[in-house]
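What follows is a short report on a single structure.
Quantities reported herein were computed from a predicted structural model and do not represent experimental measurements.
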Amino acid sequence: MDTLSEYQYFCQKVQQLTGFDLSSYKPNQMVRRLGTLMGRNRVSSFTEYFRLLERDAERRREFIDFLTINVSEFFRNPGRFDFLKERVITELAAGGTELKVWSAGCSTGEEPYSVAMILDELGVLDRAQIHATDVDEQALEQAAGGWYEPLPLRNVSTGRLDRYFFRDGDNYRVVDRIRQAVSFRRHDLLKDAYGSGYDLILCRNVVIYFTESSKERIYRLFRAALKPGGYLFTGGTETILGARELGLTSVSPCFYRKATGTAPREGRK
């Protein structure tokens with residue numbers, strides 16, 4: 001059996017074992033990435049690696065952590081968050097209605113907490129719902145706790161650090177008012193139902209390893225989940241090809257609007 005055929009069989013077995021559908025990921029990239037993990041575990045084939053996952057719960061945890069790539073930080077790409085605050089959320093908040101936000105693939109919570117801080121600075125946190133989801137339950141547990149080491153806070157200004165965190169030893173915790181504004185739950189973008197009526201959806205650096213057909217399906221579902229005039233905020237390497245065909249209009253790098261109304265001007269790159 002060649003490597004790709006063995007990998008495809010591995011995908012079927014892994015879905016039965018863990019529920020993860022690897023067929024939605026780009027196979028060549030995933031074969032290379034998993035090769036690194038297999039090397040660490042001193043196994044030389046996908047068949048041997050599946051047997052290891054089947055019998056060893058700790059190796060399964062390692063495998064899931066490797067897939068979900070929990071790397072995040074507060075206000076990642078600060079210029080994008082400036083545009084989010086000064087143009088997008090300011091515009092959305094001007095209507096005076098409740099704001100509904102979804103951070104999809106929120107990892108350990110830095111992104112939705114960053115949004116909550118912006119909403120608080122604009123005086124609209126009390127009329128906002130912030131939903132944050134991820135497929136990794138361990139990451140969600142960490143997110144809900146709100147504890148962070150200094151590195152993920154490197155883009156947090158001194159003013160925000162003083163206002164929205166308290167320090168305990170070498171670590172920092174998000175203040176209760178911000179933590180309580182965000183609701184966390186498990187959600188698989190490839191399998192679970194999407195909500196509706198969102199003013200803003202953030203999904204950044206999540207779909208880069210997905211197949212093109214899976215990406216298109218996810219973006220169509222995001223569009224359907226947005227209100228007319230709502231915004232989708234993506235990662236820097238996740239340009240949506242054929243956005244207009246999906247019913248989205250590019251308004252600035254990484255920002256797309258559900259095709260209705262007037263888009264904001266170009267923001268900082």
Side-chain angles (χ1 to χ4, degrees), residues 1-73 76 102-111 132-143 184-194 201-222 225 234-242 246:
M1 186 183 294
D2 62 41
T3 301
L4 197 54
S5 298
E6 188 184 18
Y7 170 72
Q8 290 168 345
Y9 181 69
F10 173 80
C11 291
Q12 296 173 19
K13 300 295 287 182
V14 160
Q15 185 169 11
Q16 294 170 12
L17 180 67
T18 69
F20 276 89
D21 183 7
L22 292 180
S23 67
S24 295
Y25 294 78
K26 296 175 181 176
N28 291 335
Q29 288 188 15
M30 193 55 64
V31 166
R32 288 196 298 271
R33 291 184 65 229
L34 287 176
T36 301
L37 191 56
M38 289 161 60
R40 288 183 205 164
N41 286 285
R42 299 181 180 179
V43 294
S44 57
S45 71
F46 282 106
T47 300
E48 188 180 356
Y49 187 42
F50 177 74
R51 290 175 184 149
L52 176 64
L53 297 179
E54 198 172 27
R55 68 175 182 264
D56 191 325
E58 184 58 32
R59 297 287 74 79
R60 286 198 300 276
R61 178 74 257 168
E62 177 190 57
F63 171 72
I64 292 170
D65 287 346
F66 187 77
L67 281 182
T68 50
I69 322 169
N70 292 314
V71 177
S72 188
E73 60 187 39
R76 187 174 184 176
W102 177 17
S103 173
C106 69
S107 185
T108 47
E110 292 90 334
E111 179 180 274
T133 65
D134 201 275
V135 72
D136 187 334
E137 292 179 347
Q138 185 173 323
L140 290 170
E141 183 177 348
Q142 181 180 339
F184 293 96
R185 68 180 176 86
R186 189 184 184 281
H187 181 272
D188 187 333
L189 290 169
L190 296 169
K191 295 193 307 185
D192 296 332
Y194 288 37
I201 297 174
L202 304 91
C203 186
R204 309 180 69 214
N205 309 302
V206 174
V207 305
I208 52 176
Y209 294 109
F210 290 171
T211 62
E212 293 307 313
S213 60
S214 294
K215 287 181 187 178
E216 181 177 332
R217 178 177 178 274
I218 287 169
Y219 288 138
R220 287 190 183 279
L221 289 169
F222 280 152
T234 68
T237 62
E238 296 169 328
T239 301
I240 303 178
L241 302 176
L246 296 174

[atom2] on [Y] to [atom1] on [X], rounded to 0.5 Å:
X    : Y    : atom1 : atom2 : answer
S107 : Q142 : OG    : CD    : 7.5 Å
T234 : I201 : OG1   : CD1   : 12.0 Å
E111 : D134 : CD    : CG    : 10.0 Å
R220 : I218 : CZ    : CD1   : 13.0 Å
L221 : L246 : CG    : CG    : 10.5 Å
E6   : E48  : CD    : CD    : 9.5 Å

Taking it one step at a time, do N205 and R76 satisfy side-chain contact (heavy atoms from CB on, under 4.5 Å)?
CA-CA 11 Å; N205 309 302; R76 187 174 184 176; 3.7 Å; yes

Parallel, tilted or perpendicular: rings of W102 and F222 (30°, 60°)
perpendicular

How would you list, by chain and number, every residue that makes a ring pair (Phe, Tyr, Trp, His ring centres under 6.0 Å) with F50, sequence neighbours excluded?
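With sequence neighbours excluded, F50 shows a ring pair (Phe, Tyr, Trp, His ring centres under 6.0 Å) to no residue whatsoever.
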
With F10 via ring pair (Phe, Tyr, Trp, His ring centres under 6.0 Å) - residues at least two apart:
F46, Y49

Please find the pair of heavy atoms, one from R59 and one from N41, that lie closest to each other, and give the distance.
CD-OD1, 2.8 Å

Heavy atoms only: give me the nearest L140-A132 pair and the separation to one decimal.
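Closest approach of L140 to A132: CD2-O, 4.4 Å.
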
Are more than 12 heavy atoms, taken from residues, nucleotides or ligands other than E141, located less than 6.0 Å from that residue's CD atom?
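No, CD of E141 has 12 or fewer neighbouring heavy atoms, counting only those of other groups under 6.0 Å.
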
I'd like to know whether CD of E137 has more than 12 heavy-atom contacts from other residues, nucleotides or ligands below 6.0 angstrom.
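Result for CD/E137: open.
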
Is E212 salt-bridged to K215, going by a charged N under 4.0 Å from an acidic O?
yes

Which donor-acceptor pairs under 3.5 Å do side chains of residues 184-191 form with protein atoms, sequence neighbours excluded?
from	atom 1	to	atom 2	distance (Å)
R186	NE	V135	O	3.1
H187	NE2	A193	O	2.9
D188	OD1	L190	N	2.8
K191	NZ	G19	O	3.1

Would you check if the side chain of E238 reaches a backbone N or O of V206 as a donor-acceptor pair within less than 3.5 Å?
yes

Do the side-chain N and O atoms of T47 and S45 include a donor-acceptor pair separated by under 3.5 angstrom?
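No pair is found: no donor N or O on one side chain lies under 3.5 Å from an acceptor on the other.
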
Is the shortest side-chain heavy-atom distance between R32 and N28 below 4.5 Å?
yes

